Amino acid sequence: MSSSPTRVTHLRELTTSVDGDDAHSLQVALTALVSQLGVTVGSYRGLQLTVVDHGSSVTLTEFTTDSTPPATSLRVSLALIMTAADRDSRVGFYAATPGALVDLAADLSYSVGLATTTHRPVPGGGPRAANNARPVIELDGDLPPPSLISGLVGVAELSSINRAVGFLIGQGQLPEDAHDTIRRGAAAAEIDVHLFAARLLRR
């Protein structure tokens with residue numbers, strides 16, 4: 001495969017445009033990336049992008065209409081592309097032909113100077129240990145995909161949290177303190193953070 005720097009640029013554009021008020025920019029970046037992968041990976045099936053901000057996530061899923069199930073995946077940590085990215089922010093690519101993403105993994109690994117890890121099942125089929133972080137570039141670690149339904153999830157929730165943070169900043173809190181206030185309030189009320197943020201905004 002060629003043009004690895006172009007793919008990395010598209011990933012950066014895609015993640016920096018995740019904003020509830022700028023869905024058009026998100027779609028433009030996604031279209032450019034999918035177009036290129038569709039040409040270079042014949043069995044390309046789709047991608048799932050998750051951007052995490054202060055524990056809240058926005059997930060964009062975009063799959064083709066092909067009914068062939070994904071047989072390979074490639075997960076890339078967005079921390080490789082955005083220095084400020086949360087360690088749980090990532091993009092996963094999917095293809096229907098086993099091994100179809102090996103060259104892409106090699107290109108990206110070479111670009112950032114890190115090795116690719118191939119997923120090996122956890123003994124006994126159990127989950128990974130909590131302190132065993134996912135590799136930054138990993139083949140076949142996200143199979144089967146959590147969903148094949150295209151869409152954008154989490155924007156409304158993140159918007160509520162950000163507006164609540166803005167409200168608390170207006171009351172004199174620092175940004176990190178405002179996030180902590182909302183997380184503590186949600187924990188005390190035993191509800192999701194975005195629900196507590198919405199409750200705060202209704203006061």
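Since the structure is predicted, the reported quantities are computational estimates derived from the model, not experimental observations.
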How far apart are the closest heavy atoms of T61 and S147, and which atoms are they? CG2-O, 4.0 Å
Judged by atom type as modelled, is there a donor-acceptor pair below 3.5 Å linking the side chain of S89 to the main-chain atoms of V52? yes
For P69, is there any backbone N or O sitting under 3.5 Å from a side-chain donor or acceptor partner on R45? no
If you measure from OG on S73 to CG on L139, what distance do you get to the nearest 0.5 Å? 7.0 Å
Side-chain contact test, heavy atoms from C-beta onward, threshold under 4.5 Å: evaluate it for R199 versus I191 and give yes or no. yes
Looking only at side chains, do D66 and T68 share a donor and an acceptor under 3.5 Å apart? yes
Within the structure provided, determine whether V41 and L101 are in side-chain contact (heavy-atom separation under 4.5 Å). yes
Check the hydrophobic clustering (I, L, V, M, F, W, Y; side-chain heavy atoms under 4.5 Å; chains of links allowed) and say if V51 and V193 are grouped together. no
Given side-chain contact (heavy atoms from CB on, under 4.5 Å), test I161 with F196 step by step and report yes or no. CA-CA 8 Å; I161 294 168; F196 182 81; over 6 Å; no
Rounding to 0.5 Å, atoms CZ (R90) and OG1 (T59) come to a distance of 6.5 Å
Between the main-chain N or O of H194 and the side-chain N or O of D192, is there a donor-acceptor pair closer than 3.5 Å? no
Within this structure, what is the CG-CG distance for the pair L74 and D103, rounded to the nearest 0.5 Å? 11.0 Å
Donor-acceptor contacts under 3.5 Å from residues 171-179 side chains, at least two apart:
residue, atom, partner, partner atom, Å
Q173, OE1, A178, N, 3.3
Q173, OE1, T181, OG1, 2.9
E176, OE2, H54, NE2, 2.9
H179, NE2, H54, ND1, 3.4

Within this structure, what is the CG-CD distance for the pair L148 and Q48, rounded to the nearest 0.5 Å? 9.5 Å
Heavy-atom side-chain contact between S77 and R87 under 4.5 Å: no
What residue among V102, T97, D140, D142 forms side chain to side chain contact (heavy atoms under 4.5 Å, CB included) with T72? D140
side-chain contact (heavy atoms from CB on, under 4.5 Å) evaluation trace for T117 with I137: CA-CA 6 Å; T117 297; I137 302 176; over 6 Å; no
Listed by chain and number, what are the ring-ring contact (aromatic ring centres under 6.0 Å, His included) partners of Y94, not counting sequence neighbours? F63
So which heavy atom on S160 is nearest to which on A197, and how close? O-CB, 3.7 Å
Which other residues end up in the same hydrophobic cluster as Y110, if Ile, Leu, Val, Met, Phe, Trp and Tyr are linked when side-chain heavy atoms come under 4.5 Å apart? none
Tell me whether L104 is reachable from L49 by hopping between hydrophobic residues (I, L, V, M, F, W, Y) whose side-chain heavy atoms are closer than 4.5 Å. yes
Considering only heavy atoms from C-beta outward, does the side chain of L143 approach that of P70 to under 4.5 Å? yes
CG-OG distance between L201 and S159, expressed to the nearest 0.5 angstrom: 9.0 Å
Say you draw a straight line from CZ of R75 to OG1 of T50; how long is it, rounded to the nearest 0.5 Å? 8.0 Å
